[in-house]
Novice: 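To start, I am sharing the structure in question, which I have written as C-alpha cells.
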Amino acid sequence: MSDNRVVQGRMVTPESLAELIEDGDVMDAEAIEEADRECPDCGGDVLSVGYMPSVTEFVTGWKCQDCEWAETDRE
C-alpha cells in the first residue's frame with residue numbers, strides 16, 4: 001500500500017505531511033497512519049505522522065484531512 005494520502009484535496013507523502021504540520025522543512029518522516037480521533041474543528045478524519053524536524057528531536061504530529069487543524073506532541 002502506498003504511503004501517500006489525500007489531505008485538503010492534494011496528495012501528500014509522509015515528508016510533505018510533516019512539513020505541513022511543522023510549517024517548515026523536516027529531515028525524515030515515518031509512514032502516515034490513521035489516527036484514532038476526529039478533528040476538533042470540523043469532525044473530519046485525522047492522520048498522524050512521526051518525523052524529525054532536527055537531528056535531536058522526534059515529534060508526532062496530527063493533521064486533519066479536511067481542514068487546516070494540526071497539532072504536535074510537543075509540550
Side-chain angles (χ1 to χ4, degrees):
M1 183 174 161
S2 173
D3 283 336
N4 296 344
R5 302 291 178 92
V6 176
V7 174
Q8 293 181 267
R10 63 182 180 258
M11 192 66 74
V12 297
T13 65
E15 289 81 11
S16 63
L17 178 58
E19 289 171 351
L20 282 174
I21 296 167
E22 191 66 20
D23 196 26
D25 292 339
V26 299
M27 296 184 68
D28 192 26
E30 297 182 342
I32 298 171
E33 297 181 7
E34 299 285 334
D36 190 22
R37 62 196 286 186
E38 288 184 352
C39 174
D41 287 352
C42 74
D45 293 329
V46 174
L47 299 175
S48 70
V49 65
Y51 61 92
M52 292 181 67
S54 68
V55 175
T56 59
E57 185 177 24
F58 182 84
V59 176
T60 300
W62 295 272
K63 173 77 177 85
C64 179
Q65 287 186 269
D66 301 321
C67 75
E68 294 288 329
W69 178 86
E71 74 176 17
T72 68
D73 63 355
R74 285 188 182 105
E75 293 183 4

Novice: Mind checking whether W69 and P40 have side chains closer than 4.5 Å, heavy atoms only?
Specialist: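 Of all side-chain heavy-atom pairs linking P40 with W69, at least one is under 4.5 Å.
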
Novice: Hey, quick one: are V59 and V26 part of the same hydrophobic cluster, counting side-chain heavy atoms closer than 4.5 Å, chains of contacts allowed?
Specialist: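 Yes; V26 is reachable from V59 via cluster members.
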
Novice: To the nearest 0.5 Å, tell me how far E38 CD sits from D45 CG.
Specialist: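 Those atoms lie 7.5 Å apart.
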
Novice: Return the OH to CD distance between Y51 and E30, rounded to the nearest 0.5 Å.
Specialist: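 The distance works out to 12.0 Å.
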
Novice: Answer whether the closest heavy-atom distance between the side chains of C64 and D41 falls below 4.5 Å.
Specialist: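 No, too far: nothing below the 4.5 Å cut-off.
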
Novice: Do the side chain of Q65 and the main chain of V6 share a donor and acceptor less than 3.5 angstrom apart?
Specialist: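 Confirmed, Q65 side chain pairs with V6 backbone.
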
Novice: Heavy atoms, side chains only, cut-off 4.5 Å: are D3 and T13 in contact?
Specialist: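 No, their side chains stay 4.5 Å or more apart.
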
Novice: On a heavy-atom basis, which atom in V49 and which in A29 lie closest, and how many Å separate them?
Specialist: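 In terms of heavy atoms, the two residues are closest at CG2-CB, 4.3 Å.
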
Novice: Go through the structure and list residues passing salt bridge (charged side-chain N to carboxylate O under 4.0 Å, His left out) with R74, not counting sequence neighbours.
Specialist: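 Testing R74 for salt bridge (charged side-chain N to carboxylate O under 4.0 Å, His left out), a comparison that skips the adjacent residues, returns E22, E57.
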
Novice: Do L17 and R5 have side-chain heavy atoms sitting under 4.5 Å apart?
Specialist: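 Answer no - side chains too far apart.
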
Novice: Salt bridge (charged side-chain N to carboxylate O under 4.0 Å, His left out) with E68: which residues, sequence neighbours excluded?
Specialist: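 Salt bridge (charged side-chain N to carboxylate O under 4.0 Å, His left out) check on E68 returns nothing, list empty.
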
Novice: Is the shortest heavy-atom distance from the side chain of E71 to the side chain of I21 under 4.5 Å?
Specialist: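 Of all side-chain heavy-atom pairs linking I21 with E71, none is under 4.5 Å.
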
Novice: Using a 4.5 Å cut-off on heavy atoms from C-beta on, say whether the side chain of L47 contacts that of E34.
Specialist: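 Sidechains of L47 and E34: in contact.
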
Novice: Should V12 and W62 be regarded as members of a common hydrophobic cluster, given that ILVMFWY residues are connected when their side-chain heavy atoms come within less than 4.5 Å of each other, either directly or indirectly?
Specialist: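 Result: no, two separate clusters.
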
